[in-house]
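What follows is a short report on a single structure.
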There are 2 protein chains.
Amino acid sequence: MDSDRPLWLRIVEHFRQQISTGELPPGARLPSRPEIMREFGVSDAVAKQAARVLVSEGLAVAKPGSGTYVRSKPQLQRLVRAWYRGNRSGSPFAAEMEAQGRRAAWDYTSRTAQAPTSIRERLGLGEPTGDLPDVLRTEYVFSADGQPVMLSTSWEPLEITRGTPIAMPEEGPHAGRGVAERMLVIGHPIDDWRETVGARLGTAEECAKLAHPQGSVMLTIERVYESRGRVAETADIVLPADLYLLEYSARMGAGE
Amino acid sequence: MDSDRPLWLRIVEHFRQQISTGELPPGARLPSRPEIMREFGVSDAVAKQAARVLVSEGLAVAKPGSGTYVRSKPQLQRLVRAWYRGNRSGSPFAAEMEAQGRRAAWDYTSRTAQAPTSIRERLGLGEPTGDLPDVLRTEYVFSADGQPVMLSTSWEPLEITRGTPIAMPEEGPHAGRGVAERMLVIGHPIDDWRETVGARLGTAEECAKLAHPQGSVMLTIERVYESRGRVAETADIVLPADLYLLEYSARMGAGE
DNA sequence: TCGAATTTGTGCGTATGTATC
DNA sequence: GGATACATACGCACAAATTCG
């Protein structure tokens, strides 16, 4: 008689408000399911549903055997996706993390492969030759302060890098230096840059790698680096939307 | 004994695969709850859970009284967030939609208000004076081909626009022209531009306004327009991640 | 036009497994 | 080991919307 909204929604809204006002600070324990049943006079199914929604919204974390807790929201970090760091040395990620006073690190695995069609299109590759590999595919897991925070799969055409000292991104004298710097070494200065940003729910694998609950919202970036009108590298980047904001900016040319 | 994964997850994965391979094409009807119970030998609760997950993942749409259907995924549209359209006339949104051959339209409501603190910070406003309004707040619902596709809340400091012919964004000779063009009219050329991109689950209100199922993933943009080092406008933009990709690009200066 | 069958959404009660405290 | 708490699972009931004869 109170309202026409579902019971579980009212409970969700009750806790949403308590969390947003700070009445329930991060880390605070929410009532257990039996407690919710008593306090709100609802059944177990309703308490369950409400808890699941709060968790799926990222407001709470459920710990079996312990309780359900208000999620401590790490401050949203801004990732500056601009190019004025072009002539710095070292990886852009490391520079960004250093600027925030965080410790950067990454794991990677590289292997040559034949590019799938979607990547072929982005790289401007022609038809594949037999099953000859034509790209170097490198998977990265980037970490900040020991926490995994970003996934990236990078594709470089072997056409460009084969036989050069930078053929393997993370080996040799230019290891860990970032794509732009490495390409410059072999005479392919990156002079154009394009990022396509989207968002979706993370796959189970992505959530696991990033130590996030299943179904977390992820930002996706398709990055393309060009050198003299030719694509020198492309990457698929995935990062948790609850950790990062992406910052793009441009100064307008006067006439343009 | 088959696996240690939850029953509902196995059912979800079953349909996920059928959908991704096209075996279940967009618009196809999924089995009803009783059918799933029979086919998989599970209880009603499991069938329910599986259906809810498929819907929350955006793979299916549930129609009460009718059935659950594979969601027809509209092609992802790219929104170019760059500034080379600076000297075009008319609204950027209208131009973008026109370029895609779609019909653009928008509703709006404007009113003066006292800016909340987060907006004050972005606009660089000082302490509020009593409860005097100091911004014009305009809420937009943008539509393409009659479908709502984007929400935007725009904030303009009255300090700048008060008493000018463009004080009301959607009235007078410069109605519907876009912020940059309007600001230029009163001698505040937009010369810097910054967007902060994030993603999250849409609120119930946002999902309703955008005719999307509850809990859809949304892209969020915080846009700031500056004129001579001063913020002339800021906007909060929300758009469904299953409809749009955002495209940012930059040509690197040679030396930078 | 009307009514019956179907289907989803919501809600209740109970039981078992497993992790935490 | 015992109590507590969450995750999973079974079975049932009813309301509202849709479909179709």
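Letters A, B, ... are given to chains in the order of the sequence lines, protein chains preceding strands, and every chain is numbered from 1. Note that this is a predicted model, so its numbers are computed, not measured.
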Between protein and nucleic acid, restricted to nucleotides 17-19 of chain D and to nitrogen or oxygen atoms under 3.5 Å apart, what atom pairs and distances do you find?
residue, atom, partner, partner atom, Å
D:dT18, O2, B:G65, O, 3.3

Produce the list of close N/O pairs, under 3.5 Å, pairing protein atoms with atoms of nucleotides 13-16 of chain C; give distances to one decimal.
residue, atom, partner, partner atom, Å
C:dT14, O4, A:D44, OD2, 3.4

query = Between B:R33 and B:E35, is there a side-chain N and carboxylate O pair less than 4.0 Å apart?
reply = no
inquiry  = Can you measure A:I36 atom CD1 to D:dT4 atom P for me and round it to whole angstrom units?
reply    = 17 Å
inquiry  = What is the distance, to the nearest angstrom, from the CG atom on A:L7 to the P atom on D:dC14?
reply    = 17 Å
ask   = Just checking A:R29: base, sugar-phosphate only, or nothing, at a heavy-atom cut-off of under 4.0 Å?
value = sugar-phosphate
query = For A:R122, what residues pass the side-chain hydrogen bond (donor to acceptor under 3.5 Å, both in side chains) criterion, not counting sequence neighbours?
reply = A:E222, A:T234, A:D236
key: Sequence-distant partners of A:A208, side chain to side chain contact (heavy atoms under 4.5 Å, CB included), two or more places apart   = none
key: Presence of B:T68 side-chain N/O under 4.0 Å of C:dT7 phosphate oxygens OP1/OP2   = no
Hey, can you pull the donor-acceptor pairs under 3.5 Å for the side chains in residues 142-152 of chain A, sequence neighbours left out?
residue, atom, partner, partner atom, Å
A:D145, OD1, A:R103, N, 2.8

query = Out of D:dA9, D:dC6, C:dT7, which has the shortest distance to the side chain of B:P6?
reply = D:dA9
inquiry  = Contact between A:L201 and A:M218 at the side-chain level, heavy atoms closer than 4.5 Å - yes or no?
reply    = no
task = Check the distance between D:dA9's C1' and A:Q49's CD and give it to me in whole angstrom.
result = 16 Å
message = Restricting to side chain to side chain contact (heavy atoms under 4.5 Å, CB included), what partner residues turn up for A:V53, sequence neighbours left out?
response = A:W8, A:V12, A:E57
message = Between C1' on C:dT10 and CZ on A:F40, what's the gap in Å once rounded to a whole number?
response = 18 Å
message = Taking side-chain hydrogen bond (donor to acceptor under 3.5 Å, both in side chains) as the definition, give me every residue that meets it alongside B:W106, ordered by chain and number, with sequence neighbours left out.
response = B:E170
Residues in side-chain hydrogen bond (donor to acceptor under 3.5 Å, both in side chains) contact with A:S154, at least two apart in sequence or another chain = A:E233
ask   = Nearest-Å distance, CH2 (B:W8) to C1' (D:dA7)?
value = 10 Å
inquiry  = A:S43: which residues meet the side-chain hydrogen bond (donor to acceptor under 3.5 Å, both in side chains) condition with it, sequence neighbours left out?
reply    = none
Value in whole Å for how far the P atom of D:dT4 lies from CZ of A:R38 = 11 Å
message = In this structure, how many angstroms lie between the C1' atom of D:dA5 and the CD atom of A:E35, rounded?
response = 10 Å
